[in-house]
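One structure below.
These numbers were taken from a predicted model, which means no experiment stands behind them.
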Amino acid sequence: MEKITGEVKFKNERIAQIKTAIKNILDFKKEIEANLVKEITQILEICLAGSIVLDASDIHIEKEEKKAKMRIRTDGILHDVYYFELKTYQSLLSRIKLLSKIKLNITDRAQDGRFTVLFGETPIEIRVSILPSEYGESIVMRTLNPESLIEIEKLGVREDIFQVLEKEIQQPNGMIIVTGPTGSGKTTTLYAILKRIQSPEIKIITIEDPIEYHLKGINQTQVNPKKGYDFANGLRAIVRQDPDVILVGEIRDLKTADIALQAALTGHLVLTTLHANDAAGTIARLQALGAKPTNIAPAINLAIGQRLVRKICKKCAVFFKISKQEFEFFEKNFKTFPKKIKIPKFDQEIKIPRVQAEGCDACNFSGYKGRVGIYEFFLNDSEIENLILKSLSISDLKKIAQKKGMVSMRQDGLIKVLQGETTIKEVERTTMEE
């Protein structure tokens with residue numbers, strides 16, 4: 001019998017073959033077809049390796065009535081790859097469950113697991129979620145590739161707010177909160193901050209659910225609610241470990257919020273994430289959880305709202321003279337733009353990028369390749385602190401923050417359009433109208 005180790009190993013020669021064979025999704029499909037006659041372990045290996053080579057963040061295998069569809073998510077967008085026969089799907093499901101140490105005989109409730117892919121020198125964690133659906137079980141495998149962790153300079157933060165970020169992450173205490181929906185790059189931002197501030201002189205402890213990436217020199221701990229070790233209990237224990245910096249994976253409830261705020265007020269720098277629509281909405285979200293304004297106001301140093309937009313493919317994108325409608329769109333969105341912050345010069349003669357509908361093989365025929373962050377920084381000061389104590393509405397807080405120099409995510413995205421990095425369509429897709 002084959003030993004199930006929770007690992008999938010690739011030899012260097014095989015990696016080289018796969019990288020040569022798979023350049024885009026069409027190649028990926030052909031490679032799967034060519035290996036269908038082989039054992040299920042090899043079919044799964046092709047699915048995993050192809051996804052890693054194409055920088056996919058997730059692999060979805062969804063059972064339908066007569067077949068099972070496989071899709072991968074690249075640059076935040078799902079792409080159909082292949083339709084498996086139900087027999088192949090069932091074998092893939094069993095193999096994935098075995099690798100992930102998930103129970104094979106349970107099909108009526110959600111299960112989670114993980115395994116490791118050794119792809120060259122890089123161990124890549126695969127986080128598995130299996131969910132009962134109408135026709136069977138839906139599989140999602142999230143690829144946690146350490147190579148996707150980037151330096152703070154590569155996040156796409158504008159020069160003027162990069163200086164603010166550099167200053168705030170060096171503070172001895174207070175809280176930095178990153179907000180945005182799932183898949184908006186919050187974890188990448190927090191890990192980039194940790195990599196920047198890490199040094200032998202300070203102690204950093206994280207509490208996560210689950211640990212996504214392993215960082216050297218940092219104490220990482222994972223919650224286990226079944227054993228009573230949740231964010232709140234873990235955070236209480238962490239504070240007793242004498243840390244300088246604490247990373248809380250996510251604030252989900254009042255207990256966690258209160259302990260994190262108290263830690264920020266008592267000599268710790270706390271980094272965390274929160275689900276809110278924008279940076280100013282962080283305050284209202286904490287209040288909705290039940291946190292007191294008297295704790296929120298002095299604790300928060302900086303709230304960051306962020307999204308990820310796809311970058312144009314440098315090989316096939318084209319630049320066109322801005323249309324009258326597009327020019328008016330820019331003018332409308334730059335009405336509240338702070339005068340002290342420089343933006344690229346734009347007039348009715350400027351050329352901005354547009355993607356070719358058919359794309360090219362370098363970008364999987366999408367017109368986009370890679371992603372970059374767009375941000376808004378809600379910086380706390382004595383005036384904002386007083387307004388938080390008065391429980392002002394989100395819109396009022398946002399207006400005052402904009403008067404003090406805050407640039408919205410949409411405005412930041414449009415600056416990146418003028419810089420030739422992305423398109424108006426992408427900015428509209430990912431941000432709310434002002």
Side-chain angles (χ1 to χ4, degrees), residues 144 149 152 155 164-180 185-225 227-276 279 282-283 285-286 289-292 294-306 377-380 385 388:
L144 302 173
L149 291 178
I152 197 168
L155 290 172
V164 172
L165 182 61
E166 280 274 57
K167 181 184 173 184
E168 293 303 323
I169 64 177
Q170 300 299 333
Q171 297 293 341
N173 58 272
M175 184 182 284
I176 297 174
I177 303 180
V178 184
T179 73
K186 300 187 297 294
T187 302
T188 302
T189 298
L190 289 182
Y191 275 62
I193 291 172
L194 287 184
K195 286 175 78 175
R196 170 54 64 92
I197 63 177
Q198 180 187 0
S199 78
E201 289 80 33
I202 63 171
K203 181 166 185 173
I204 302 172
I205 305 180
T206 76
I207 179 164
E208 305 169 65
D209 181 23
I211 295 170
E212 294 198 2
Y213 301 98
H214 299 278
L215 295 176
K216 289 181 180 178
I218 291 174
N219 297 286
Q220 294 174 270
T221 177
Q222 183 169 310
V223 299
N224 189 342
K227 295 185 178 179
Y229 186 65
D230 55 18
F231 275 115
N233 292 335
L235 198 45
R236 283 193 192 95
I238 284 172
V239 173
R240 293 194 290 270
Q241 289 275 313
D242 189 31
D244 298 287
V245 180
I246 303 169
L247 184 147
V248 183
E250 185 185 347
I251 290 178
R252 299 174 181 171
D253 52 50
L254 177 58
K255 275 186 183 178
T256 308
D258 276 343
I259 300 164
L261 289 166
Q262 288 304 317
L265 291 167
T266 54
H268 307 87
L269 179 63
V270 178
L271 309 173
T272 188
T273 71
L274 187 72
H275 281 280
T282 303
I283 310 302
R285 181 78 183 106
L286 286 170
L289 288 174
K292 295 175 182 176
T294 49
N295 288 335
I296 299 169
I300 290 181
N301 294 353
L302 175 67
I304 303 171
Q306 74 173 72
F377 277 31
F378 181 83
L379 187 61
N380 198 5
E385 198 173 313
I388 294 171

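- Separation of atoms OH (Tyr191) and CG (Leu271) is listed at 11.5 Å; rounding is to 0.5 Å.
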Apply side-chain contact (heavy atoms from CB on, under 4.5 Å) to residues Ile193 and Ile152 and explain how you reach the verdict.
CA-CA 6 Å; Ile193 291 172; Ile152 197 168; 4.2 Å; yes
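- Within 6.0 Å of NZ on Lys195 lie more than 12 heavy atoms contributed by other residues, nucleotides or ligands.
- Between the CG atom of Leu235 and the CD1 atom of Ile205 there is a distance of 10.0 Å, given to the nearest 0.5 Å.
- Ala279 and Gly305 make their closest contact through CB-N, 3.6 Å (heavy atoms, listed as atom of the first residue, atom of the second, distance).
- Residue pairs meeting the salt bridge (Lys or Arg N to Asp or Glu O under 4.0 Å) criterion with at least one member in residues 227-238: none, sequence neighbours excluded.
- Separation of atoms CG (Leu289) and OG1 (Thr256) is listed at 9.0 Å; rounding is to 0.5 Å.
- Of all the heavy atoms in Asn173 and Ala264, the pair that sits closest is CB-O, 3.6 Å.
- Ile202 has its side chain out of reach of Leu269: every pair of non-hydrogen atoms, C-beta onward, lies at least 4.5 Å apart.
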Please walk me through it: do Ile259 and Val248 pass side-chain contact (heavy atoms from CB on, under 4.5 Å)?
CA-CA 11 Å; Ile259 300 164; Val248 183; over 6 Å; no
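- Taking both residues in full, the closest heavy atoms of Gly249 and Thr273 are given as O-OG1, 2.6 Å, listed atom of the first, atom of the second, then distance.
- Proximity of a side-chain donor or acceptor of Gln220 to a complementary backbone N or O of Glu208 within less than 3.5 Å is not detected.
- Every residue two or more places apart in sequence or in another chain was checked for a side-chain hydrogen bond (donor to acceptor under 3.5 Å, both in side chains) with Thr179, and none qualifies.
- A search for ring pair (Phe, Tyr, Trp, His ring centres under 6.0 Å) contacts involving Tyr229 returns nothing, not counting sequence neighbours.
- Atom NZ of Lys203 has more than 12 neighbouring heavy atoms from other residues, nucleotides or ligands inside a 6.0 Å radius.
- Side-chain contact between Leu190 and Thr206 is absent, with no heavy atoms from C-beta onward closer than 4.5 Å.
- The line from CD of Glu212 to CD of Gln222 is 10.0 Å long, rounded to the nearest 0.5 Å.
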Checking Ile304 against Ile176 for the side-chain contact (heavy atoms from CB on, under 4.5 Å) test, could you report, in this order, the C-alpha distance in whole Å, the side-chain angles of both residues, the deciding distance, and whether it holds?
CA-CA 8 Å; Ile304 303 171; Ile176 297 174; 4.2 Å; yes
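- Between Phe231 and Ile207 the shortest heavy-atom distance is CE2-O, 3.3 Å.
- The shortest non-hydrogen separation linking Glu166 to Ile169 is O-CG1, 3.4 Å.
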Quick one: do Leu286 and Ile177 satisfy side-chain contact (heavy atoms from CB on, under 4.5 Å)? Show the steps, please.
CA-CA 11 Å; Leu286 286 170; Ile177 303 180; 3.9 Å; yes
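- Under the 4.5 Å side-chain criterion, counting only non-hydrogen atoms from C-beta, Val239 is not in contact with Thr266.
- Of the inter-residue distances, the one linking Asp253 atom CG with Asp258 atom CG reads 9.5 Å to the nearest 0.5 angstrom.
- Side chains of Ile204 and Leu247 form no contact here, defined as non-hydrogen atoms less than 4.5 Å apart.
- Applying the salt bridge (Lys or Arg N to Asp or Glu O under 4.0 Å) rule to pairs touching residues 241-250 yields Glu250-Arg252, sequence neighbours excluded.
- Ile251 is not listed as a side-chain neighbour of Arg285, based on a closest heavy-atom distance of 4.5 Å or more.
- Not counting sequence neighbours, the partners of Glu201 by the side-chain hydrogen bond (donor to acceptor under 3.5 Å, both in side chains) test are Ser199.
- Between Leu155 and Thr188, the closest side-chain pair of non-hydrogen atoms falls below 4.5 Å.
- Heavy atoms only, all atoms of each residue included: Ala263 and Val270 are closest at CB-CG2, 3.9 Å.
- Residues satisfying the side-chain hydrogen bond (donor to acceptor under 3.5 Å, both in side chains) test with Thr189, not counting sequence neighbours, are Gln306.
- In this structure, Gln198 contributes its side chain and Lys216 its backbone to a donor-acceptor pair below 3.5 Å.
- For the atom pair CE (Met175) and CG (Asn380), the distance works out to 12.0 Å, reported to the nearest 0.5 Å.
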